[in-house]
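Notes follow once the structure below has been shown.
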Number of protein chains: 2
Amino acid sequence: MAQTDTVTRILDTAEVLFAERGFAETSLRTITSKARVNLAAVNYHFGSKKALIQAVFSRYLDPFTERFHGVLDDLEARHAGGVIPLEELLESMARTVLEVPAERHSLKVFMKLLGLAYSQAQGHLRRYIQEEYGSVFMRFTELVRRATPELPDSERFWRLHFVLGTVIFTLSGLDALRDIAEKDYGEHVTVRDLIRRLRPVVVAALNAPLPEAPVASHAEAS
Amino acid sequence: MAQTDTVTRILDTAEVLFAERGFAETSLRTITSKARVNLAAVNYHFGSKKALIQAVFSRYLDPFTERFHGVLDDLEARHAGGVIPLEELLESMARTVLEVPAERHSLKVFMKLLGLAYSQAQGHLRRYIQEEYGSVFMRFTELVRRATPELPDSERFWRLHFVLGTVIFTLSGLDALRDIAEKDYGEHVTVRDLIRRLRPVVVAALNAPLPEAPVASHAEAS
DNA sequence: TGATGTTTCAAACAATCGTTTCCATCGAGG
DNA sequence: CCTCGATGGAAACGATTGTTTGAAACATCA
């Protein structure tokens, strides 16, 4: 089982370095030397650096999507035919997001990777994630649609991305923010702590009143 | 005035390429060839690539901070001694963010750069921005503090970063999201449109009920 | 054991990176 | 006029990048 060991060591090292520095800023030599494997091992086992990046994501997203599908199955069965309340949907997603990386490594790494995938947005990664894991997200949004029938479709679309931005942004930049918070307010913030704080904010954001109709001119009322 | 022309052409080209591909993924040769200037011009006028990156940010952030300070001066004068309502603070910030890049280029580039600065977070950039422009942000948060006296300090700190994440995340990934929205809901979304949608969400997020008290439980590994 | 297929390893590959050097060019001041 | 500091331009620098190579080491099974 020396091969699996090498593959695992590469993935373990790569995901941490990617999360810390980004993809382009992390060379294969840095990864392989820190993982104590040969330089050629990456190209041998994964084929290319791009494939390694995708493999890092798969190791998180594959168990997540599988488990999340199961959780949604349970939810739909429990509310047979009916509507699943919004808070229950959000709660289930948060729980799943928390559980999956906990089995392997830190949630921080997972969130940082998601943030990188969104911002660096080097075509191939974005496309890969969308095509590979878009279905579970679409299933989730459909359930959210039924839970918030009063919201226009486009409004719900944007609000879901608003809160997605909040979560990814906060959790991926957690370290830097935590340092500031700890220094200024003297309280040490855990991930679970942050999620507890996020919950009412996310719910309030999704339930916010609809924006006023777009004004024809640019007359601004305060 | 040939030198200013070269410097400006480099900055104009660099900010667009940086926003599109990221910093590490954009080579000086790509910038200089597209800007039709000599390769050595970057190192001659700016000193290094890192300095060029900082210069790109300065060109946005310098006018922004200056104008925003002025806006805050006006607000404080208008509510002499009193408290500035939260919505007025947010409105003023949004208006300033909208105005500054409009004079030069697109808001999209500006937001994409902010998103990159936050996620890529290659030490030097984060530190540069924090040290150079942290004061205006601190002034703003202090005004927000007076506008939301019922919020515990730490809670307000986190919520401000929550909504900051929402805005940067949404506006920096606007292109990709806009494509999806346009395809699925057939409506073309402008930046002003998005800000109109963001407003009630941000206000609701900041005014959300406080989270329930933390349950005494096991510690969490970061 | 000997043969076979897989994995590891050191070395080199070509390409690209940021940076530097050296010289030509230009314009203003003595 | 000539000089001199500033700028533009071509070429090369050394370093680093992802990838490939060919042989050694290993495991597996007849």
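Naming convention: chains lettered A, B, ... in sequence-line order (proteins, then strands); numbering from 1 in each chain.
- In this structure, the CD1 atom of B/Ile31 is 15 Å from the C1' atom of C/dT16, given to the nearest Å.
- As rounded to whole Å, 14 Å separates atom C1' of C/dG18 from atom CD1 of B/Ile10.
- Rounding to whole angstrom units, CG of residue A/Leu52 and P of D/dT19 are separated by 10 Å.
- Between A/Asp5 atom CG and D/dA27 atom P there is a gap of 13 Å when expressed in whole angstrom units.
- Residue B/Tyr44 has its side chain nearest to D/dA6 when only D/dA6, C/dT7, C/dC9 are considered.
- Taking only side-chain nitrogens and oxygens, A/Thr6 never comes nearer than 4.0 Å to OP1 or OP2 of C/dT7.
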Are any protein N/O atoms closer than 3.5 Å to N/O atoms in nucleotides 15-18 of chain D? If there are, list each pair with its distance.
unit_1 : atom_1 : unit_2  : atom_2 : d
D/dT17 : OP1    : A/Ser27 : OG     : 3.3
D/dG18 : OP1    : A/Lys49 : NZ     : 2.7
D/dG18 : OP2    : A/Leu28 : N      : 2.9
D/dG18 : N7     : A/Arg29 : NH1    : 2.8
D/dG18 : O6     : A/Arg29 : NH2    : 2.7

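- Of the candidates B/Arg59, B/Arg36, B/Lys34, B/Arg59 is the only one forming a salt bridge (Lys or Arg N to Asp or Glu O under 4.0 Å) with B/Asp12.
- B/Phe157 has its side chain out of reach of B/Thr141: every pair of non-hydrogen atoms, C-beta onward, lies at least 4.5 Å apart.
- Using modelled atom types, one finds a donor on one side chain and an acceptor on the other under 3.5 Å when comparing B/Arg156 with B/Thr148.
- Atom CG in B/Asn38 sits about 12 Å away from atom C1' in C/dT19, given to the nearest Å.
- Here A/Phe57 and A/Tyr128 keep their ring centres 6.0 angstrom or further from each other.
- Here the two rings, on B/Phe162 and A/Phe169, have centers that are 6.0 Å apart or farther.
- Considering only side-chain N and O atoms, A/His45 lies nowhere under 4.0 angstrom from the phosphate OP1 or OP2 of C/dT6.
- If you measure from atom CZ of B/Arg21 to atom C1' of C/dC17, you get 14 Å, rounded to the nearest angstrom.
- Taking all atoms of both residues into account, the shortest heavy-atom contact from A/Ser48 to A/Val42 is O-CG1, 4.4 Å.
- Note on B/Ala40: a base of the nucleic acid sits closer than 4.0 angstrom, heavy atoms only.
- Atom CZ of B/Arg36 and atom C1' of D/dG9 are 15 Å apart (whole Å).
- Side-chain contact check for A/Tyr133 and A/Asp62: at least one donor-acceptor pair (N or O, by modelled atom type) lies under 3.5 Å.
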